[in-house]
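For reference, the structure discussed in these notes is given below.
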Amino acid sequence: MTTPQIMGVLNVTPDSFSDGGQLFADSKVHADRLLQRAESMVVAGASILDIGGESTRPGAAPVSSQEELDRVMGAIDLIAAHVDVVLSVDTSNPEVMSAAASAGGGLLNDVRAFRRDGALQTAAATGLPVSLMHMSEEPDRMQSHTDYVDVVDDVSRFLEGRIAACIEAGINREQIVIDPGFGFGKTVSQNYEMLRRLAEFAAFELPILVGLSRKSMIGAVTGRPANERVVPSAVLAAMAAQNGASIVRVHDVAETADALGVWAAMNGASLSAN
């Protein structure tokens, strides 16, 4: 048993659900804020930083390709020059994938599981590891598509298909990470069912990434707004670790590291490799 790696969230967007706009000033990414956030996350225990230039919150509007490219590449260039950490790029845009790979990106993390035109071929050409996430529809429509027969079985079938597509495109199975997509086209009860049954995804014998941090499934239980969901987010990270998560994607790295440290001590888990 190994403690999951921590992936710190860096949204260089003005409108992401929890931290949108925090790294912005005068309609552009604030370099000093971004670098300070990145450095503090790594010091606190993040071994991966996930950079996103498109908000994928429920109901989010699309962003232009050039705007996403400008946001993401500025962040990658800055962080890569100053911080020793694996850089994940949260994008569905083939142009961003290619540019990020050339600039030192280490993981392509696509909420659409590389279903956009050209995305799968571009990802394969970069040679980078990929993370495949389940989302029932585009962000502006996904919460209207939650009619699963069995949420874990249905998500598993989707992931199985995308894994096969990746392998057919030339991506090695050893370079694939799966993400069941908590909060993306699932009801509150479906999210908690997936967490309870997370170990079932281990049948793929691939690393499992989970993003539970500050999500509405917490607000539905606690009644608290996104910025007051730090403690339950850390609790859910520990629960995800117990159920087989390999990577936890979080906003609050220090608190998550503490929670996982306690979990590891209880379970006799070894430390994850950074």
Side-chain angles (χ1 to χ4, degrees), residues 1-13 16-25 29-52 57 75-76 78-90 106-107 109 131 177 179 182-183 195 198 207-219 221-274:
M1 184 177 290
T2 302
T3 306
Q5 294 190 62
I6 297 175
M7 172 187 277
V9 178
L10 287 175
N11 284 320
V12 287
T13 61
S16 290
F17 86 96
S18 178
D19 56 351
Q22 291 184 3
L23 302 177
F24 258 66
V29 177
H30 192 293
D32 289 343
R33 291 179 192 170
L34 175 62
L35 188 57
Q36 183 180 29
R37 179 77 61 85
E39 290 173 338
S40 66
M41 283 184 163
V42 172
V43 169
S47 57
I48 308 167
L49 296 180
D50 193 42
I51 301 170
R57 61 180 171 77
I76 289 177
L78 179 65
I79 296 171
H82 294 90
V83 185
D84 183 15
V85 67
V86 175
L87 293 178
S88 167
V89 183
D90 182 359
L107 172 69
N109 179 22
S131 179
V177 176
D179 179 349
F182 288 95
L195 181 57
L198 188 66
I208 302 170
L209 187 157
V210 300
L212 296 158
S213 178
R214 300 190 184 183
K215 288 194 170 175
S216 60
M217 61 185 286
I218 298 172
V221 173
T222 65
R224 296 185 181 278
N227 64 346
E228 295 180 11
R229 299 172 187 168
V230 178
V231 172
S233 294
V235 171
L236 290 186
M239 290 179 176
Q242 188 68 28
N243 290 342
S246 305
I247 305 169
V248 291
R249 183 180 183 274
V250 305
H251 300 85
D252 307 291
V253 173
E255 293 84 355
T256 303
D258 286 349
L260 292 179
V262 172
W263 171 85
M266 182 184 74
N267 286 279
S270 59
L271 295 176
S272 59
N274 291 334

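Bear in mind the structure is a predicted one, so any value in this text is a computation, not a measurement. Numbers here simply count residues along the sequence, with the first being 1.
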When every non-hydrogen atom of Ile6 is compared with those of Gly45, the smallest separation belongs to CB-O, 3.9 Å
Just so I know, are the side chains of Asn267 and Gln242 near enough to count as touching, which here means a heavy-atom distance under 4.5 Å?
yes
Do Ser213 side-chain atoms and His251 backbone N/O form a donor-acceptor pair below 3.5 Å?
yes
List the residues meeting side chain to side chain contact (heavy atoms under 4.5 Å, CB included) with Val86, not counting sequence neighbours, and say none if there are none.
Ile48
Would you say Asp179's side chain and Gly211's backbone share a donor-acceptor pair under 3.5 angstrom?
no
Taking every non-hydrogen atom, the tightest pair across Phe182 and Val210
CE1-CG1, 3.8 Å
Between Met41 and Val85, is any pair of side-chain heavy atoms under 4.5 Å apart?
no
Qualifying residues under side chain to side chain contact (heavy atoms under 4.5 Å, CB included), relative to Gln36, sequence neighbours excluded
none
Minimal non-hydrogen separation, Ser88 against Met7, with atom names
OG-CE, 3.8 Å
Starting at CD1 of Ile76, measure out to CG of Leu78 and round the result to the nearest 0.5 Å.
11.0 Å
Correct closest heavy-atom pair for Ser131 and Leu107 would be N-CD1, 4.1 Å
Rounded to the nearest 0.5 Å, what separation is found between the CD1 atom of Ile51 and the CG atom of Leu87?
4.5 Å
Which heavy atom of Ala257 sits nearest a heavy atom of Ala44, and at what distance?
CB-O, 3.5 Å
What's the verdict on side chain to side chain contact (heavy atoms under 4.5 Å, CB included) for Met239 and Leu236, showing C-alpha distance, side-chain angles and the deciding distance?
CA-CA 5 Å; Met239 290 179 176; Leu236 290 186; 3.8 Å; yes
Do Arg214 side-chain atoms and Ser233 backbone N/O form a donor-acceptor pair below 3.5 Å?
no
Quick one: does Val231's side chain get under 4.5 Å of Thr222's, heavy atoms only?
no
With Val248 as partner, the option from Leu212, Leu260, Val253 fulfilling side chain to side chain contact (heavy atoms under 4.5 Å, CB included) is Leu260
Tell me, which pairs form a salt bridge (Lys or Arg N to Asp or Glu O under 4.0 Å) where one or both residues lie in residues 232-249, sequence neighbours left out?
Asp50-Arg249, Asp90-Arg249
For the atom pair CG (Asn11) and CZ (Arg37), what is the distance rounded to the nearest 0.5 Å?
9.5 Å
Taking all atoms of both residues into account, what is the closest heavy-atom pair of Trp263 and Ala269, and its distance?
CZ3-CB, 3.7 Å
